Protein chains: 4
Amino acid sequence: MARAANGRTTAGAAVGDSVEPVPQRLLAVATRLFAEQGFEMTSVQQIVDAAGVTKGAMYHYFGSKDDLLYEIYARVLRDQHARMESAADSDAPVDERLHAVAADVVATTAANLDDTVIFFRSMHLLHPDKQAEVRAERRRYHERVRALIEEGQRSGVFRADKSADLVVDFFFGAVHHLGTWFRKDGKLTGEEVGKEFADLLLASLRP
Amino acid sequence: MARAANGRTTAGAAVGDSVEPVPQRLLAVATRLFAEQGFEMTSVQQIVDAAGVTKGAMYHYFGSKDDLLYEIYARVLRDQHARMESAADSDAPVDERLHAVAADVVATTAANLDDTVIFFRSMHLLHPDKQAEVRAERRRYHERVRALIEEGQRSGVFRADKSADLVVDFFFGAVHHLGTWFRKDGKLTGEEVGKEFADLLLASLRP
Amino acid sequence: MARAANGRTTAGAAVGDSVEPVPQRLLAVATRLFAEQGFEMTSVQQIVDAAGVTKGAMYHYFGSKDDLLYEIYARVLRDQHARMESAADSDAPVDERLHAVAADVVATTAANLDDTVIFFRSMHLLHPDKQAEVRAERRRYHERVRALIEEGQRSGVFRADKSADLVVDFFFGAVHHLGTWFRKDGKLTGEEVGKEFADLLLASLRP
Amino acid sequence: MARAANGRTTAGAAVGDSVEPVPQRLLAVATRLFAEQGFEMTSVQQIVDAAGVTKGAMYHYFGSKDDLLYEIYARVLRDQHARMESAADSDAPVDERLHAVAADVVATTAANLDDTVIFFRSMHLLHPDKQAEVRAERRRYHERVRALIEEGQRSGVFRADKSADLVVDFFFGAVHHLGTWFRKDGKLTGEEVGKEFADLLLASLRP
DNA sequence: AATGAATGAGCGTTCATTCAT
DNA sequence: GATGAATGAACGCTCATTCAT
């Protein structure tokens, strides 16, 4: 196997050098480092070293360090949106659907906590255009949940004296802040927290 | 009014060169810039230029750029803690006290949104020792609210099947995320949002 | 020859922009400037300007300004040690070997006066760890000479009533201070001073 | 006793705040710090803090940080010169006088090692004019010793085949390098080293 | 596809010195 | 005599990005 002068492997899959393709490896490593140290305290050199590639390789796949951040966001938004749609569109009663959606968003947020932490810490560092894109996607996500609440309000299952918008902001605030306290090795699993949070949401909407 | 060659006022109180002492002026300017651009995208040069002083003056009062961030946190934590204590210790019924505390923390957070935004975006950039101090203070704050919920649970005013800890994390998550959507010129004032959020909290705790 | 807007050569080997590789060029330039102006009065900017590269290039090869100093030391210590070993290990009589070693160390010190001047002026500015390394290497050097003197004392060629250690400190003191008075264009050459100093050393050791 | 807001004594002789006048205290403190840390790594702030005065006070007595260094030199040169004159002008035989002078210069150098260390490390940082003054004084000192050697050479007490100049440079080199190895708590006292060094000098001059 | 030397602008910080009080 | 807030120029160093190979 070829070895460069610096002793790092240049080809083939060495031990610890997973078979994952380079772009995915870079994204995974960047996600971990950004979550651990913050976006701006992580240098491109650190990322490529940890991924076992060179700067040139990184700039071959990603236009900039910024781009790496954007791709992390895009990936997580894509995943979450897909999951949510399927939960919201079942033919269960509206309160059960809202509960399922709420519990699921909490569980998946807990499962991908690094992404959420990076998201809320670093989105302001993104280029304004990309920030706008990300925000728009997130808004579509929120609106799907708001529609669910309004459906329940119209049918009398939920109280109608609270703005659905406000309830969405209330609930997603709680979800997005999981990163400050939730620990994988804590008392509750992500699914358990999801059930509890969904219970609290539903309780606050009881007529 | 006299103006030096560099264009800065050398005597009298010009616009932006107010009579406010230099340290306070630096803190106010830094808060605004950190909220607008982020801590790491704000240079010390920008801060001192905006405050109308030189770097030397800033380093006379603050040990580092980090220190500026810490002082912003310390100030807001001190204020919030004081307000909260007085609301939690009144002799009203426990549900009224929790409502008052919850509404107040939302209203003051909305009133000092810059501080909160900076706080959750940039705390990881603070020196670990200072981070620990800040976290400890914030924990004391949360624990006062948890005690209030537990008091209500023991007296049967609140449902007892939900962990008070979890409810605190749920609610404060919502509060701490105000910065992502609340706007001073939006539909609702900070006090109005406070009342709505407190209502939702109390509703979710109904037995 | 092409010249960029900044006035630096972009192709071909200009005066001062020789074909010597960048790290060597930096080391040579730094040695000269440190000797002329002192380590701390020489800025990194001066060094890179004189070497015709940018700061980034320098920091690509050297970890710090300190490192540059250390490399200067390491290089001269390596050279001196090698020369000395070969002179000390010949099979001539011990007094001739000591004379040869003494004369050679003076001559090579005179030939590389800049390094010696920098060495004794600036070693205290080096990182403590690197200082320790340098001191250890220098001690090995002194001990080889001490062994030579002790050998002569045991065989009766040298007087035995003076501590070999002290004689080494005495002699090397004289050598290391060449920088304060020796001039390349002075009355005596480095080799001539070497012979005289070695004579004085041997005379002082006569039984 | 008056105490400033920062808690430092502002008047009277506190414990550790010797009765020595301010300029002397500053000089003593500066000498210690320069020897310990080097001239350029010692800030004016450190000096005035250690001396228990303020910057204003220091600049009242000394024109600059440079001045402090110069005064340290001037003081030590004045002292050494005075001692040497009296030893060189006795009416003992010339070899005894040279021995006495040599032993004395070593002993006083050992007794004031800090000054010597600073001297040879930092003289190049002095303003050229002051450097010239210091060098001139030092040259007068060396010339007195050279005259002594030449006197002995003329009278046949010392070998005449070695340049007196060179012998002076040889010997003073050894003396000025005491700082790199002599320790107050080492095997030999300054006086003992003085006797040994003088012995070696005289031995090397035997016809 | 990938390298890694080199760029260049900018960063946070230091510090001897000044001066109104 | 003495203060200490403020200056301002310089410093060592970092880093995302480029480009000849």
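Order of the sequence lines sets the chain letters (A, B, ...), proteins ahead of strands, with each chain counted from 1. Only a predicted model underlies this, so the values are computations on that prediction, with no experimental measurement involved.
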Under a 4.0 Å heavy-atom cutoff, the residues of residues 26-44 of chain D touching DNA chain E are D/T42, D/S43, D/V44
C/D66 atom CG is separated from F/dC13 atom C1', nearest whole Å, by 13 Å
**Prompt:** With sugar-phosphate meaning primed atoms plus P, OP1 and OP2, does D/K55 contact a base, only sugar-phosphate, or nothing at under 4.0 Å between heavy atoms?
**Reply:** base
If one requires at least 3 consecutive Watson-Crick or G-U pairs with distances under 3.5 Å, the stems of DNA chain F turn out to be E:2-21 with F:2-21
Judged by nearest nucleotide, the residue sitting upstream toward the 5' end of DNA chain F, A/S64 or D/A57, is D/A57
To the nearest angstrom, the CG-P distance between D/D67 and E/dA16 comes to 14 Å
Of all heavy-atom pairs linking B/T31 and B/I118, the shortest is O-CD1, 3.2 Å
Heavy atoms of C/Y59 and C/S64 approach each other most closely as CE2-CA, 3.8 Å
Rounded to whole Å, CD of B/Q45 lies from P of E/dG10 at a distance of 12 Å
Check every strand shown and say whether A/V22 touches a base, only sugar-phosphate, or nothing at a heavy-atom separation below 4.0 Å.
-> nothing
Of E/dT17, E/dT7, E/dA2, the nucleotide closest to the side chain of D/K65 is E/dT17
Separation of F/dA16 atom C1' from A/F62 atom CZ, nearest Å, is 16 Å
Just checking, A/K65 and A/F39: is the charged tip under 6.0 Å from the six-membered ring centre and within 45° of the axis? yes
Atom CG of D/D49 and atom P of F/dG4 are separated, to the nearest Å, by 11 Å
Separation of E/dA16 atom P from D/H127 atom NE2, nearest Å, is 18 Å
Between C/D67 and C/G63, the two heavy atoms sitting closest are OD2-N, 3.5 Å
Please tell me if A/Y61 has a side-chain N or O lying less than 4.0 Å from either OP1 or OP2 of E/dA2.
yes
Side-chain atoms of C/H60 come closest, of E/dA6, F/dT17, E/dT17, to E/dA6
Quiz item: Centres of the A/Y73 and A/F119 rings: under 6.0 Å?
Solution: yes
Nearest heavy-atom contact between B/R25 and B/G52 is NH2-O, 4.2 Å
Are the side chains of A/Q37 and B/H124 in touch, meaning some heavy atoms are under 4.5 Å apart? no
Testing F/dA6, E/dT14, F/dT17 for proximity to the side chain of B/Y59, the answer is E/dT14
Of all heavy-atom pairs linking D/M58 and D/V48, the shortest is CB-CG1, 3.8 Å
### Query
Taking 4.0 angstrom as the limit, do A/R75 and A/E71 come out as a salt bridge?
no
Whole-Å distance, C/L68 CG to F/dG12 P, equals 11 Å
D/M58 atom CE is separated from F/dG1 atom P, nearest whole Å, by 16 Å
Find out whether D/D114 and D/F34 are in side-chain contact, i.e. whether some heavy atom of one side chain is under 4.5 Å from a heavy atom of the other.
no
